[in-house]
Each structure stands twice: as C-alpha cells, then as structure tokens.
Amino acid sequence: MKKIVLTGDRPTGPLHLGHFVGSLKKRVELQEICETYIMLADAQALTDNYDDVNKVKTNIHEVVCDYLAVGIDPKKSHIFIQSCVHELPELAMFFMNLVTIQHLGHNPTVKAECKQKGYNEGVPAGFYLYPIYQVADITAFKADLVPVGLDQAPMLELTRDIVRKFNTLYKKEVLVTPEAIYPNLKGALPGIDGNKMSKSLGNAICLSDELDQIAAKVKKVKSDPNRTSVNDPGDPEKALAFSYLEVFDPEIRFVEELKERYRRGTISDKEVKDRLTEVIDTFLKPIREKRKEYHQDRSGIEEIIKEGTRLAKQKAALTLLEVRSAMGINYKGFC
Ligand code: TRP
C-alpha cells in the first residue's frame, strides 16, 4: 500500500525559493512513491483575507503554475481547491467537540500570527479556529506524511491529539496518525533581510522573478555589517549570500574559495552577489520558462484542478462515511 501525502499552501501570492527548498522539492520526490494530494488552501487563506477574496482567487492560478513549473506532475499529485471539498468543514465540525478554546489559545503559530496582524483582543473566530480545519484537511485524506515548514508543528501536534481522542472515544481506528516531514536545517532558507522568507514581508525571491528582479533583490541581501571596505576581512556566516550559494551553486568548491577570499578580505560583496544573481537566474530560468507556458494555458490548468478536486472529494467522502459510521450517525438513507 502506498503511503498518502497531504500538504497545502495558502494561495495568497506566488511561491518563492523558500517554498522550493522547504517543501516543493520534497513533494516532487514523494509523488513518485506516494499517493499525493496538494491542497490550494483558499478557505484557510480567507480566514485573514476575507476582505480580499479576489486576491485569493487569482493566486490559485498562479500557485498551480508554480507547482507545475517545479515538476509537480498532475498525473501523480492531485491538486485541489480546499473550499470545494465540503466534507472538510463537516469533519472539522465533529472535531470542534474534541478541543477546548483554551487549548487553541496556546498555539504558538496562531499567537504569533495574531500579534503580527494586530488582532490582540479581537481575533476573528474563523482565524482562531483554522488549526481545527487543518486537522480535518489532514485526516480526511488519511495522510501518513505531511511535508510542511517548522511553523506548522503545532498543527501537526493538534492533529495527532485529535486522532487519538477520536479513535479512542468512538472505539475504532478510523483516523490515521500523521507524521510531519520538516525541511532539514540547511533547508530553512531565510529571506533577503535574514527573517523568514515570506511574501508578506517583501523579502522573498519568487519562482517567477525575472533576471532584473533577481538582481535587485540580491543587491539587498544582508552582508557582514562589520565590513566597510573590500579589504576588510569578513565573516561569511554573517553574509547571507553564502547561505544561498551553498544551496543553489552547483560548484561547492568554488563557493568555499569565495568564502576563503571573503575571510581574507580579497573579494567585494558585489562580486559575491554577482555570482549569486547568476546562480539563481540559472536555477530559475527553466522554471520561469515552463511557468510561462502553463500560465497561458488557462483551460489546461482548470482541467487539472477540476480532476484533482474530483478525486479529493471522492477520498474525503469515503473518510466521512467511516467517521459518521464510527460515531453512529450514518442515518442510512437520510443524509
Ligand atoms: N497552514 C499551511 C500554511 O500556512 C497551509 C495548509 C492548510 C496546510 N491546510 C494544510 C498544510 C494541511 C499542510 C496540511 O502553509
């Protein structure tokens, strides 16, 4: 039996290098050996973008183009729209009974997001509850593996908790306990300012960026602040460009040489960054070109989402039947 993979993204903007290193690359590998579902988490995105529905809607198309451009294959991965799978909120409704408001209040990711958004006292209920919906996303597909960033750890913990509670309470092993797959430490690629790479922080290099956009962003990449001239010895650990080069430059020995020259003070930051621009552009060029082709084929993209969503609904509906049956509320013939 193939393992099942479920993961998703909030469609609020184009995907970036952080997504690639942190998760997309892994998904492309996993789709070869697992039954894979990839969710466009539009309903979750709306919990903090309900006043800009159009942004979420248009980014569904953009994100799917990003997926396909990096090698996610719709024949192997089912790409679907979260809000079209009506079984998900139904499942979340049953899970609401198994979690306290107090417990939800301790979720560190949600807490940090509330702070960032300035919600303080007035947190929209939909936003506060999104972790429960995410548990439904994962369990509806009986996912064994969930490749996500480390910030998603509290959601995975909550999932495991609810699965255990549900199966114990209703005395049936209906739900599957998922395992998270986190990027290795080297994989946590920071944004150009050193913070977490994020579209909303404006520090991301997008998969769709053209050469001039890449060059402009690389120029802003943080260097060793103690260095005032080319001849000052620098610390490559403090120059972010090297973190990127280590991930994207195929010539590892050359990067080591650049680092050594940086330490000795025989190379300018500009020279390091010129190399980085070239390396990133070489990496992104084929992705960008494929992306453009997909982008023009609107009906092709729609077909992919339609088929993926059909299969996702089928899978979730089967789980819901089992869930209702375990709870003793299948009301045969009534619903
Ligand atoms: N919360 C995830 C993010 O912000 C998106 C997401 C929604 C998700 N549902 C999921 C990820 C289920 C994994 C599994 O990126």
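Whatever order the structure lists ligands and atoms in, that order sets their numbers, starting from 1. Below, each value reflects all heavy atoms present in this structure, side chains not excepted, and no hydrogens, waters or symmetry copies.
- Between the side chains of Gln296 and Tyr294, not a single donor N or O lies within less than 3.5 Å of an accepting N or O.
- Within 6.0 Å of NZ in Lys196 there are 12 or fewer heavy atoms belonging to other residues, nucleotides or ligands.
- Every residue two or more places apart in sequence or in another chain that forms a salt bridge (Lys or Arg N to Asp or Glu O under 4.0 Å) with Lys117 is listed here: Asp48.
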Starting from the N and O atoms of ligand 1, find every protein N or O within less than 3.5 Å and list the pair with its distance.
unit_1, atom_1, unit_2, atom_2, d
ligand 1, 1 (N), Gln44, OE1, 2.7
ligand 1, 1 (N), Gln134, OE1, 3.0
ligand 1, 1 (N), Gln152, OE1, 2.9
ligand 1, 4 (O), Arg10, NE, 3.1
ligand 1, 9 (N), Asp137, OD2, 2.8

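- With ring centers used as reference points, Tyr130 lies 6.0 Å or more from Tyr133.
- Electrostatic pairing of Glu32 and Lys76 counts as a salt bridge here, judged by a charged N lying under 4.0 Å from a carboxylate O.
- No donor-acceptor contact under 3.5 angstrom links the side chains of Asp224 and Tyr262, judged on distance only.
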